[in-house]
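Structure, as C-alpha coordinates:
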Amino acid sequence: MTKQRFLLTWIFALLLVVPFVAAACGGDDDDTTPEATGTAASTPTTAASPSPEPTKIGGSMILATTTSTQDSGLLDVLVPIFEKQTGVEVKVIAVGTGAALEMSAKGDADVALTHALTSEKKYVDSGDLVEGQLVMHNDFIVVGPKDDPAKVKGATDLNAAMAAIAPVGPFISRGDNSGTHTKELALWKAAGIDVATVKNREETGQGMGATLNVADQKKGYTLTDRATYLALKKNLALEVVFEGAAPLLNIYHVYVVNPEKHSGVKAAQARAFVAFMVAPETQAVIEEFGKAEFGESLFVPDAGKKVEDLGK
Amino acid sequence: MEALWEGLKEAVRLIAEGDVELRDIALRTIFVSGIATLLAMMAGVPLGYGLARGRFRGRTMLLGAVNTGMGMPPVVMGLIVWLMLVRSGPFGDLDLIYTKRAMVIAQFLIATPLVVGFTAAAVQSLPRDLPDLLAVLGAGRLRSLLLLVREAQLGLLAAIMAGFGAVVSEVGASMTVGGNLQGNTRVLTTAIVTETSRGNNDRAIALGIILLAMAFLVNLLLTMVQQRRVR
(Lines give C-alpha, C1' and ligand atoms only; values in the text may rest on other atoms or scores of the structure.)
Protein backbone atom coordinates (compact mmCIF):
# COMPACT_ATOMS: atom_id res chain seq x y z
CA MET A 1 0.00 0.00 0.00
CA THR A 2 1.42 3.30 -1.08
CA LYS A 3 -0.29 5.25 1.63
CA GLN A 4 1.26 3.14 4.30
CA ARG A 5 4.67 3.70 2.84
CA PHE A 6 3.96 7.40 2.83
CA LEU A 7 2.95 7.20 6.45
CA LEU A 8 6.19 5.45 7.34
CA THR A 9 8.17 8.19 5.61
CA TRP A 10 6.35 10.78 7.68
CA ILE A 11 7.00 9.03 10.94
CA PHE A 12 10.64 8.64 10.02
CA ALA A 13 10.93 12.32 9.15
CA LEU A 14 9.31 13.18 12.45
CA LEU A 15 11.81 11.10 14.37
CA LEU A 16 14.58 12.98 12.64
CA VAL A 17 13.12 16.36 13.48
CA VAL A 18 12.32 15.81 17.14
CA PRO A 19 15.90 15.90 18.49
CA PHE A 20 16.53 19.21 16.74
CA VAL A 21 13.47 20.84 18.20
CA ALA A 22 14.28 19.37 21.57
CA ALA A 23 17.75 20.83 21.36
CA ALA A 24 16.28 24.17 20.39
CA CYS A 25 14.05 24.42 23.41
CA GLY A 26 16.63 22.92 25.69
CA GLY A 27 18.95 25.77 24.83
CA ASP A 28 17.16 28.30 26.94
CA ASP A 29 16.32 26.19 29.93
CA ASP A 30 19.06 28.13 31.59
CA ASP A 31 17.77 31.61 30.88
CA THR A 32 16.54 31.74 34.45
CA THR A 33 19.26 33.32 36.44
CA PRO A 34 19.47 36.92 35.25
CA GLU A 35 15.72 37.34 35.49
CA ALA A 36 15.45 35.80 38.93
CA THR A 37 18.40 37.78 40.20
CA GLY A 38 16.74 40.93 38.95
CA THR A 39 13.75 40.26 41.19
CA ALA A 40 15.92 39.72 44.20
CA ALA A 41 17.99 42.81 43.61
CA SER A 42 14.91 44.97 44.11
CA THR A 43 14.39 43.65 47.63
CA PRO A 44 16.34 45.35 50.37
CA THR A 45 17.38 42.05 51.98
CA THR A 46 19.91 41.08 49.33
CA ALA A 47 22.27 43.85 50.32
CA ALA A 48 23.21 41.89 53.42
CA SER A 49 24.81 38.98 51.65
CA PRO A 50 28.22 39.52 50.13
CA SER A 51 29.46 36.30 51.66
CA PRO A 52 32.78 34.50 51.28
CA GLU A 53 32.57 33.54 47.62
CA PRO A 54 32.51 29.73 47.45
CA THR A 55 33.75 28.02 44.32
CA LYS A 56 31.08 27.81 41.65
CA ILE A 57 29.53 24.37 41.64
CA GLY A 58 27.14 24.74 38.72
CA GLY A 59 24.55 22.24 37.52
CA SER A 60 21.05 22.08 38.86
CA MET A 61 19.14 20.51 41.73
CA ILE A 62 15.56 19.86 42.76
CA LEU A 63 14.31 21.31 46.03
CA ALA A 64 11.15 19.64 47.27
CA THR A 65 9.46 21.96 49.73
CA THR A 66 6.21 23.13 51.20
CA THR A 67 3.80 25.62 49.71
CA SER A 68 4.30 27.97 52.64
CA THR A 69 7.93 28.74 51.81
CA GLN A 70 6.86 29.50 48.26
CA ASP A 71 3.56 31.33 48.87
CA SER A 72 5.15 33.58 51.51
CA GLY A 73 7.78 34.61 48.96
CA LEU A 74 10.79 33.58 51.10
CA LEU A 75 12.30 31.30 48.47
CA ASP A 76 11.94 34.01 45.82
CA VAL A 77 14.47 35.92 47.89
CA LEU A 78 16.78 33.10 49.03
CA VAL A 79 17.07 31.01 45.86
CA PRO A 80 18.45 33.78 43.63
CA ILE A 81 21.14 34.52 46.23
CA PHE A 82 22.13 30.85 46.33
CA GLU A 83 22.10 30.59 42.54
CA LYS A 84 24.34 33.62 42.26
CA GLN A 85 26.79 32.31 44.86
CA THR A 86 27.11 28.78 43.57
CA GLY A 87 25.93 28.81 39.97
CA VAL A 88 23.55 25.99 40.85
CA GLU A 89 20.12 26.26 39.25
CA VAL A 90 17.47 25.40 41.83
CA LYS A 91 14.22 23.84 40.70
CA VAL A 92 11.79 24.63 43.48
CA ILE A 93 8.92 22.17 43.55
CA ALA A 94 6.41 23.49 46.06
CA VAL A 95 4.10 20.72 47.20
CA GLY A 96 2.80 19.63 50.57
CA THR A 97 5.32 18.28 53.07
CA GLY A 98 3.90 14.78 52.53
CA ALA A 99 4.56 14.90 48.80
CA ALA A 100 7.95 16.54 49.31
CA LEU A 101 9.04 13.73 51.66
CA GLU A 102 7.66 11.09 49.31
CA MET A 103 9.61 12.59 46.40
CA SER A 104 12.74 12.48 48.54
CA ALA A 105 12.17 8.86 49.49
CA LYS A 106 12.15 7.94 45.81
CA GLY A 107 15.23 10.00 45.07
CA ASP A 108 13.17 12.34 42.88
CA ALA A 109 14.54 15.37 44.70
CA ASP A 110 17.93 16.42 46.06
CA VAL A 111 16.95 18.52 49.04
CA ALA A 112 13.86 18.58 51.24
CA LEU A 113 12.83 21.72 53.14
CA THR A 114 9.86 20.69 55.24
CA HIS A 115 7.98 21.37 58.46
CA ALA A 116 6.51 18.18 59.90
CA LEU A 117 8.99 16.81 62.41
CA THR A 118 7.10 13.58 63.12
CA SER A 119 6.72 12.72 59.42
CA GLU A 120 10.31 13.72 58.73
CA LYS A 121 11.53 11.36 61.43
CA LYS A 122 10.23 8.35 59.48
CA TYR A 123 12.31 9.29 56.46
CA VAL A 124 15.35 10.01 58.58
CA ASP A 125 14.97 6.60 60.22
CA SER A 126 14.65 4.87 56.84
CA GLY A 127 17.87 6.56 55.75
CA ASP A 128 16.33 8.54 52.88
CA LEU A 129 17.03 11.89 54.47
CA VAL A 130 20.43 12.69 55.92
CA GLU A 131 22.42 15.62 57.27
CA GLY A 132 19.31 17.41 58.55
CA GLN A 133 19.61 20.93 59.90
CA LEU A 134 17.21 23.10 61.85
CA VAL A 135 16.63 26.22 59.74
CA MET A 136 13.91 28.38 61.21
CA HIS A 137 10.48 28.42 62.76
CA ASN A 138 7.38 30.45 62.90
CA ASP A 139 4.06 29.41 64.29
CA PHE A 140 0.71 28.09 63.30
CA ILE A 141 -2.34 30.15 64.11
CA VAL A 142 -6.04 29.41 64.10
CA VAL A 143 -7.91 31.95 62.00
CA GLY A 144 -11.63 32.45 61.59
CA PRO A 145 -14.36 34.92 60.70
CA LYS A 146 -14.48 38.26 62.48
CA ASP A 147 -17.72 37.57 64.39
CA ASP A 148 -16.23 34.28 65.66
CA PRO A 149 -19.46 32.23 65.87
CA ALA A 150 -17.73 29.38 67.72
CA LYS A 151 -16.35 31.78 70.37
CA VAL A 152 -12.81 30.50 69.92
CA LYS A 153 -11.33 33.77 71.08
CA GLY A 154 -12.48 33.07 74.63
CA ALA A 155 -10.81 29.65 74.74
CA THR A 156 -8.33 29.20 77.57
CA ASP A 157 -6.08 26.68 75.85
CA LEU A 158 -5.52 25.03 72.48
CA ASN A 159 -7.64 21.96 73.21
CA ALA A 160 -10.52 24.16 74.30
CA ALA A 161 -10.18 26.18 71.11
CA MET A 162 -10.41 23.06 68.96
CA ALA A 163 -13.32 21.78 71.04
CA ALA A 164 -15.13 25.09 70.51
CA ILE A 165 -14.81 24.85 66.73
CA ALA A 166 -15.85 21.20 66.43
CA PRO A 167 -19.62 21.55 67.03
CA VAL A 168 -19.94 24.83 65.10
CA GLY A 169 -17.67 24.83 62.07
CA PRO A 170 -17.17 25.19 59.22
CA PHE A 171 -13.54 24.13 59.39
CA ILE A 172 -11.57 24.18 56.15
CA SER A 173 -8.72 21.68 56.11
CA ARG A 174 -5.80 21.47 53.70
CA GLY A 175 -6.44 17.75 53.27
CA ASP A 176 -3.24 17.37 51.25
CA ASN A 177 -0.87 15.53 53.58
CA SER A 178 1.07 18.71 54.09
CA GLY A 179 2.82 19.70 57.30
CA THR A 180 -0.11 21.95 58.15
CA HIS A 181 -2.58 19.14 57.50
CA THR A 182 -0.58 16.74 59.65
CA LYS A 183 -0.49 19.33 62.43
CA GLU A 184 -4.24 19.92 62.16
CA LEU A 185 -4.98 16.21 62.54
CA ALA A 186 -2.66 16.05 65.54
CA LEU A 187 -4.48 18.96 67.16
CA TRP A 188 -7.90 17.30 66.83
CA LYS A 189 -6.45 14.10 68.26
CA ALA A 190 -4.85 15.91 71.18
CA ALA A 191 -8.18 17.56 71.94
CA GLY A 192 -9.87 14.14 71.91
CA ILE A 193 -12.04 14.95 68.91
CA ASP A 194 -12.83 12.51 66.12
CA VAL A 195 -12.19 14.39 62.87
CA ALA A 196 -15.31 12.88 61.30
CA THR A 197 -17.50 14.56 63.92
CA VAL A 198 -16.27 18.10 63.25
CA LYS A 199 -19.19 20.03 61.82
CA ASN A 200 -18.82 21.10 58.18
CA ARG A 201 -15.17 20.15 58.03
CA GLU A 202 -14.09 20.19 54.41
CA GLU A 203 -10.78 19.43 52.73
CA THR A 204 -9.52 21.53 49.84
CA GLY A 205 -6.59 19.36 48.82
CA GLN A 206 -4.79 22.57 47.87
CA GLY A 207 -2.02 24.82 49.14
CA MET A 208 -2.23 27.20 52.09
CA GLY A 209 -3.03 30.26 49.99
CA ALA A 210 -5.92 28.59 48.20
CA THR A 211 -7.22 27.09 51.45
CA LEU A 212 -7.20 30.48 53.19
CA ASN A 213 -9.25 31.87 50.32
CA VAL A 214 -11.80 29.08 50.67
CA ALA A 215 -12.03 29.54 54.44
CA ASP A 216 -12.47 33.26 53.91
CA GLN A 217 -15.30 32.83 51.43
CA LYS A 218 -17.06 30.18 53.49
CA LYS A 219 -16.63 32.17 56.71
CA GLY A 220 -14.89 29.17 58.19
CA TYR A 221 -11.99 28.44 60.53
CA THR A 222 -8.66 27.05 59.44
CA LEU A 223 -5.17 26.33 60.69
CA THR A 224 -2.46 28.27 58.88
CA ASP A 225 1.18 29.12 59.23
CA ARG A 226 1.60 32.75 60.17
CA ALA A 227 3.81 33.60 57.18
CA THR A 228 1.25 32.69 54.54
CA TYR A 229 -1.53 34.37 56.52
CA LEU A 230 0.38 37.64 56.80
CA ALA A 231 1.33 37.54 53.14
CA LEU A 232 -2.31 37.14 52.11
CA LYS A 233 -3.95 39.16 54.86
CA LYS A 234 -4.77 42.09 52.60
CA ASN A 235 -7.32 39.98 50.73
CA LEU A 236 -8.80 38.17 53.70
CA ALA A 237 -11.51 39.01 56.21
CA LEU A 238 -10.17 36.26 58.50
CA GLU A 239 -8.76 37.14 61.91
CA VAL A 240 -6.45 35.34 64.30
CA VAL A 241 -8.70 33.61 66.83
CA PHE A 242 -6.10 31.52 68.66
CA GLU A 243 -2.32 31.66 68.90
CA GLY A 244 0.63 31.11 71.14
CA ALA A 245 0.45 27.50 72.38
CA ALA A 246 3.55 25.30 72.35
CA PRO A 247 2.16 22.66 69.93
CA LEU A 248 1.61 25.45 67.39
CA LEU A 249 5.33 25.87 66.74
CA ASN A 250 6.05 25.39 63.05
CA ILE A 251 9.58 24.14 62.65
CA TYR A 252 11.46 23.92 59.35
CA HIS A 253 14.31 21.51 58.70
CA VAL A 254 16.39 21.08 55.60
CA TYR A 255 17.75 17.67 54.55
CA VAL A 256 19.98 16.16 51.89
CA VAL A 257 18.39 13.22 50.11
CA ASN A 258 20.75 10.33 50.82
CA PRO A 259 23.05 10.10 47.79
CA GLU A 260 24.27 6.69 48.91
CA LYS A 261 20.76 5.30 48.74
CA HIS A 262 19.62 7.16 45.64
CA SER A 263 22.21 7.26 42.89
CA GLY A 264 20.69 10.17 40.94
CA VAL A 265 21.00 12.64 43.80
CA LYS A 266 23.22 15.63 43.14
CA ALA A 267 25.11 15.46 46.40
CA ALA A 268 27.46 18.42 45.97
CA GLN A 269 24.65 20.80 45.04
CA ALA A 270 22.38 19.47 47.76
CA ARG A 271 25.04 19.83 50.48
CA ALA A 272 25.83 23.33 49.27
CA PHE A 273 22.16 24.27 49.62
CA VAL A 274 21.89 22.88 53.14
CA ALA A 275 25.05 24.73 54.13
CA PHE A 276 23.64 27.88 52.53
CA MET A 277 20.38 27.68 54.49
CA VAL A 278 22.17 27.67 57.85
CA ALA A 279 24.91 30.13 56.93
CA PRO A 280 24.90 33.30 59.08
CA GLU A 281 24.31 35.56 56.05
CA THR A 282 21.28 33.56 54.95
CA GLN A 283 19.94 33.43 58.48
CA ALA A 284 20.18 37.22 58.59
CA VAL A 285 18.15 37.44 55.38
CA ILE A 286 15.51 35.14 56.90
CA GLU A 287 15.41 37.34 60.02
CA GLU A 288 14.72 40.44 57.93
CA PHE A 289 12.29 38.80 55.52
CA GLY A 290 8.84 40.39 55.67
CA LYS A 291 9.75 43.14 58.15
CA ALA A 292 9.48 45.89 55.56
CA GLU A 293 6.17 44.69 54.18
CA PHE A 294 4.37 43.29 57.22
CA GLY A 295 6.05 45.07 60.11
CA GLU A 296 7.20 41.76 61.60
CA SER A 297 9.45 38.87 60.62
CA LEU A 298 7.67 35.96 59.00
CA PHE A 299 10.25 33.43 60.18
CA VAL A 300 12.64 33.21 63.13
CA PRO A 301 16.10 31.94 62.11
CA ASP A 302 17.18 28.99 64.27
CA ALA A 303 20.40 27.59 62.85
CA GLY A 304 22.48 25.92 65.52
CA LYS A 305 19.66 25.81 68.07
CA LYS A 306 17.95 22.75 69.44
CA VAL A 307 14.29 21.99 68.73
CA GLU A 308 13.61 21.63 72.45
CA ASP A 309 14.72 25.21 73.11
CA LEU A 310 12.44 26.85 70.55
CA GLY A 311 9.64 29.14 71.69
CA LYS A 312 11.19 29.61 75.11
CA MET B 1 -16.96 43.12 40.72
CA GLU B 2 -14.58 45.71 42.07
CA ALA B 3 -11.76 43.19 42.12
CA LEU B 4 -12.32 42.45 38.46
CA TRP B 5 -12.27 46.16 37.63
CA GLU B 6 -9.11 46.72 39.66
CA GLY B 7 -7.60 43.70 37.93
CA LEU B 8 -8.43 45.09 34.53
CA LYS B 9 -6.78 48.39 35.37
CA GLU B 10 -3.70 46.60 36.71
CA ALA B 11 -3.63 44.43 33.61
CA VAL B 12 -3.64 47.44 31.31
CA ARG B 13 -0.94 49.07 33.41
CA LEU B 14 1.29 45.97 33.40
CA ILE B 15 0.89 45.47 29.69
CA ALA B 16 1.39 49.14 28.90
CA GLU B 17 4.54 49.30 31.02
CA GLY B 18 5.86 46.19 29.33
CA ASP B 19 6.40 44.19 32.55
CA VAL B 20 9.40 41.98 31.78
CA GLU B 21 8.31 38.94 33.73
CA LEU B 22 4.87 39.05 32.17
CA ARG B 23 6.31 39.37 28.68
CA ASP B 24 8.68 36.45 29.24
CA ILE B 25 5.88 34.26 30.54
CA ALA B 26 3.72 35.09 27.52
CA LEU B 27 6.53 34.41 25.05
CA ARG B 28 7.43 31.18 26.82
CA THR B 29 3.81 30.06 26.61
CA ILE B 30 3.66 30.62 22.85
CA PHE B 31 7.03 28.92 22.45
CA VAL B 32 6.17 25.75 24.39
CA SER B 33 2.61 25.36 23.12
CA GLY B 34 3.62 26.36 19.59
CA ILE B 35 6.29 23.68 19.33
CA ALA B 36 4.00 21.09 20.87
CA THR B 37 1.28 21.95 18.36
CA LEU B 38 3.73 21.90 15.47
CA LEU B 39 4.95 18.43 16.44
CA ALA B 40 1.38 17.26 16.99
CA MET B 41 0.57 18.49 13.49
CA MET B 42 3.49 16.66 11.96
CA ALA B 43 2.51 13.44 13.65
CA GLY B 44 -1.24 13.88 13.71
CA VAL B 45 -2.05 14.92 10.15
CA PRO B 46 -0.52 11.86 8.46
CA LEU B 47 -1.90 9.57 11.16
CA GLY B 48 -5.36 11.08 10.76
CA TYR B 49 -5.11 10.73 7.02
CA GLY B 50 -4.06 7.11 7.33
CA LEU B 51 -6.90 6.37 9.72
CA ALA B 52 -9.46 8.03 7.46
CA ARG B 53 -8.33 6.43 4.19
CA GLY B 54 -6.67 3.25 5.31
CA ARG B 55 -8.40 -0.11 5.20
CA PHE B 56 -6.86 -2.34 7.82
CA ARG B 57 -7.95 -4.48 10.70
CA GLY B 58 -8.41 -2.68 13.98
CA ARG B 59 -9.10 0.63 12.28
CA THR B 60 -12.37 1.18 14.14
CA MET B 61 -10.69 0.27 17.39
CA LEU B 62 -7.97 2.79 16.70
CA LEU B 63 -10.45 5.51 15.76
CA GLY B 64 -12.30 4.82 18.99
CA ALA B 65 -9.05 5.11 20.92
CA VAL B 66 -8.26 8.40 19.21
CA ASN B 67 -11.71 9.75 20.00
CA THR B 68 -11.17 8.79 23.63
CA GLY B 69 -7.80 10.49 23.55
CA MET B 70 -9.49 13.67 22.36
CA GLY B 71 -11.27 13.80 25.68
CA MET B 72 -8.24 12.79 27.74
CA PRO B 73 -7.96 15.06 30.78
CA PRO B 74 -4.63 16.90 30.43
CA VAL B 75 -3.87 16.38 34.09
CA VAL B 76 -3.96 12.60 33.61
CA MET B 77 -1.58 12.88 30.69
CA GLY B 78 0.57 15.09 32.89
CA LEU B 79 0.62 12.45 35.60
CA ILE B 80 1.61 9.73 33.14
CA VAL B 81 4.42 11.82 31.66
CA TRP B 82 5.56 12.81 35.16
CA LEU B 83 5.78 9.15 36.22
CA MET B 84 7.79 8.39 33.08
CA LEU B 85 10.25 11.27 33.39
CA VAL B 86 10.74 11.54 37.14
CA ARG B 87 14.12 10.29 38.38
CA SER B 88 12.72 7.05 39.74
CA GLY B 89 10.74 6.51 36.52
CA PRO B 90 11.82 4.58 33.42
CA PHE B 91 13.18 7.68 31.63
CA GLY B 92 14.54 9.38 34.72
CA ASP B 93 18.11 9.30 33.49
CA LEU B 94 17.27 11.70 30.67
CA ASP B 95 16.94 14.43 33.30
CA LEU B 96 13.95 15.90 31.48
CA ILE B 97 11.59 16.43 34.39
CA TYR B 98 10.81 20.07 35.22
CA THR B 99 12.05 21.41 31.90
CA LYS B 100 10.34 23.02 28.95
CA ARG B 101 11.07 19.88 26.98
CA ALA B 102 9.00 17.82 29.40
CA MET B 103 6.16 20.29 28.92
CA VAL B 104 6.44 20.01 25.15
CA ILE B 105 6.26 16.21 25.41
CA ALA B 106 3.14 16.31 27.59
CA GLN B 107 1.44 18.94 25.47
CA PHE B 108 2.36 17.05 22.31
CA LEU B 109 0.64 13.95 23.68
CA ILE B 110 -2.42 15.99 24.62
CA ALA B 111 -2.71 17.73 21.24
CA THR B 112 -1.97 14.79 18.95
CA PRO B 113 -5.26 12.87 19.43
CA LEU B 114 -7.13 16.11 18.74
CA VAL B 115 -5.21 16.71 15.52
CA VAL B 116 -5.62 13.06 14.45
CA GLY B 117 -9.36 13.07 15.18
CA PHE B 118 -10.06 16.36 13.42
CA THR B 119 -7.90 15.39 10.43
CA ALA B 120 -9.62 12.04 10.07
CA ALA B 121 -13.02 13.73 10.14
CA ALA B 122 -11.93 16.32 7.59
CA VAL B 123 -10.49 13.73 5.22
CA GLN B 124 -13.51 11.48 5.55
CA SER B 125 -15.77 14.35 4.59
CA LEU B 126 -14.11 14.46 1.17
CA PRO B 127 -15.63 12.43 -1.66
CA ARG B 128 -14.45 8.86 -1.29
CA ASP B 129 -13.36 8.44 -4.90
CA LEU B 130 -11.40 11.68 -5.05
CA PRO B 131 -7.95 10.00 -4.91
CA ASP B 132 -8.90 7.67 -7.76
CA LEU B 133 -10.19 10.61 -9.73
CA LEU B 134 -6.94 12.47 -9.24
CA ALA B 135 -4.97 9.43 -10.30
CA VAL B 136 -7.05 9.12 -13.46
CA LEU B 137 -6.38 12.78 -14.17
CA GLY B 138 -2.68 11.97 -14.05
CA ALA B 139 -1.66 13.42 -10.70
CA GLY B 140 1.34 11.75 -9.11
CA ARG B 141 1.25 10.29 -5.63
CA LEU B 142 2.68 13.34 -3.88
CA ARG B 143 0.72 15.77 -5.99
CA SER B 144 -2.57 14.06 -5.37
CA LEU B 145 -1.83 14.05 -1.65
CA LEU B 146 -1.16 17.75 -1.71
CA LEU B 147 -4.39 18.32 -3.60
CA LEU B 148 -6.25 16.25 -1.03
CA VAL B 149 -4.73 18.22 1.82
CA ARG B 150 -5.80 21.37 0.03
CA GLU B 151 -9.33 20.13 -0.26
CA ALA B 152 -9.41 19.22 3.42
CA GLN B 153 -7.70 22.33 4.72
CA LEU B 154 -10.76 23.81 6.37
CA GLY B 155 -10.83 20.81 8.63
CA LEU B 156 -7.05 20.68 8.99
CA LEU B 157 -6.86 24.25 10.23
CA ALA B 158 -9.65 23.46 12.66
CA ALA B 159 -7.48 20.56 13.83
CA ILE B 160 -4.53 22.86 14.49
CA MET B 161 -6.68 25.39 16.30
CA ALA B 162 -8.16 22.67 18.47
CA GLY B 163 -4.71 21.35 19.30
CA PHE B 164 -3.20 24.72 20.14
CA GLY B 165 -6.30 25.82 22.05
CA ALA B 166 -6.13 22.70 24.18
CA VAL B 167 -2.49 22.93 25.15
CA VAL B 168 -2.22 26.67 25.62
CA SER B 169 -5.14 26.65 28.05
CA GLU B 170 -4.35 23.55 30.07
CA VAL B 171 -2.79 23.88 33.49
CA GLY B 172 -2.64 20.42 35.07
CA ALA B 173 0.00 18.81 32.91
CA SER B 174 2.17 21.93 32.68
CA MET B 175 2.12 22.25 36.45
CA THR B 176 3.01 18.60 37.08
CA VAL B 177 5.74 18.04 34.52
CA GLY B 178 7.06 21.61 34.30
CA GLY B 179 7.00 22.36 38.02
CA ASN B 180 5.95 25.99 37.49
CA LEU B 181 9.54 27.18 37.94
CA GLN B 182 9.88 30.93 37.99
CA GLY B 183 11.61 32.25 34.89
CA ASN B 184 11.96 28.76 33.47
CA THR B 185 8.81 26.67 33.14
CA ARG B 186 6.18 29.08 34.42
CA VAL B 187 3.60 29.64 31.70
CA LEU B 188 0.47 31.79 31.67
CA THR B 189 -1.90 29.20 33.13
CA THR B 190 0.40 28.07 35.94
CA ALA B 191 1.33 31.67 36.69
CA ILE B 192 -2.38 32.43 37.13
CA VAL B 193 -2.65 29.63 39.69
CA THR B 194 0.41 30.93 41.56
CA GLU B 195 -0.72 34.55 41.63
CA THR B 196 -4.22 33.54 42.75
CA SER B 197 -2.92 31.44 45.62
CA ARG B 198 -0.64 34.30 46.61
CA GLY B 199 -3.61 36.62 46.68
CA ASN B 200 -2.31 38.79 43.83
CA ASN B 201 -5.65 38.85 42.06
CA ASP B 202 -4.75 41.83 39.89
CA ARG B 203 -1.73 40.10 38.40
CA ALA B 204 -3.76 36.92 37.96
CA ILE B 205 -6.40 38.81 36.00
CA ALA B 206 -3.74 40.56 33.93
CA LEU B 207 -2.24 37.19 33.01
CA GLY B 208 -5.70 35.86 32.17
CA ILE B 209 -6.34 38.76 29.83
CA ILE B 210 -3.04 38.19 28.09
CA LEU B 211 -3.83 34.50 27.70
CA LEU B 212 -7.24 35.28 26.22
CA ALA B 213 -5.83 37.90 23.88
CA MET B 214 -3.08 35.56 22.76
CA ALA B 215 -5.44 32.66 22.07
CA PHE B 216 -7.70 35.05 20.20
CA LEU B 217 -4.89 36.41 18.03
CA VAL B 218 -3.58 32.97 17.10
CA ASN B 219 -7.05 31.71 16.28
CA LEU B 220 -7.88 34.88 14.37
CA LEU B 221 -4.79 34.37 12.26
CA LEU B 222 -5.65 30.75 11.53
CA THR B 223 -9.28 31.64 10.86
CA MET B 224 -8.22 34.33 8.42
CA VAL B 225 -6.11 31.79 6.53
CA GLN B 226 -8.96 29.32 6.66
CA GLN B 227 -11.61 31.73 5.44
CA ARG B 228 -9.49 33.28 2.72
CA ARG B 229 -9.10 29.88 1.15
CA VAL B 230 -12.84 29.40 1.23
CA ARG B 231 -13.50 32.43 -0.93
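Each chain gets a letter, A, B and so on, in the order its sequence line appears, and its residues count up from 1.
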Exercise. Taking everything shown except A/Lys146 itself, do over 12 heavy atoms lie less than 6.0 Å from its NZ?
Worked result: no
Exercise. Measuring from B/Leu181:CG to A/Glu89:CD, what's the distance to the nearest 0.5 Å?
Worked result: 7.5 Å
Exercise. Any sub-3.5 Å donor-acceptor pair from A/Asp108's side-chain atoms to B/Val86's backbone N or O?
Worked result: no
Exercise. Which bit of A/Met208 is near chain B, if near means a heavy-atom gap under 4.5 Å: side chain, backbone, both or neither?
Worked result: neither
For this session: Count the heavy atoms of every other residue, nucleotide or ligand shown that sit under 6.0 Å from CD of A/Glu260, and state whether that count exceeds 12.
Result: no
Exercise. Does a sphere of radius 6.0 Å around CZ in A/Phe294 hold more than 12 heavy atoms from other residues, nucleotides or ligands, not counting ones at 6.0 Å or beyond?
Worked result: yes
Exercise. Which of the residues A/Gly73, A/Ser72, A/Ala94, A/Gly209 is involved in the greatest number of heavy-atom pairs with chain B at under 4.5 angstrom?
Worked result: A/Gly209
Problem set entry | B/Tyr98 OH to A/Ile62 CD1 distance, which is reported to the nearest 0.5 Å | 6.0 Å
Problem set entry | Which portion of B/Ile97 sits near chain A, non-hydrogen atoms under 4.5 angstrom | both
Exercise. Roughly how far, to the nearest 0.5 Å, is the CZ atom of B/Arg87 from the CG atom of A/Asp110?
Worked result: 4.0 Å
Exercise. Measuring heavy-atom distances to chain B, does A/Lys233 have an atom under 4.5 Å in its side chain, in its backbone, in both, or in neither?
Worked result: neither
Exercise. For B/Arg143, does the CZ atom have more than 12 heavy-atom neighbours from other residues, nucleotides or ligands under 6.0 Å away?
Worked result: no
For this session: Report the option among A/Leu232, A/Val92, A/Asn213, A/Val95 that has the most heavy-atom pairs separated by less than 4.5 Å from atoms of chain B.
Result: A/Leu232
Exercise. For chain B, which of A/His262, A/Gln70, A/Met103 has the most heavy-atom pairs under 4.5 Å?
Worked result: A/Gln70
For this session: Please flag which part of B/Asp93 lies under 4.5 Å from any non-hydrogen atom of chain A: side chain, backbone, both or neither.
Result: neither
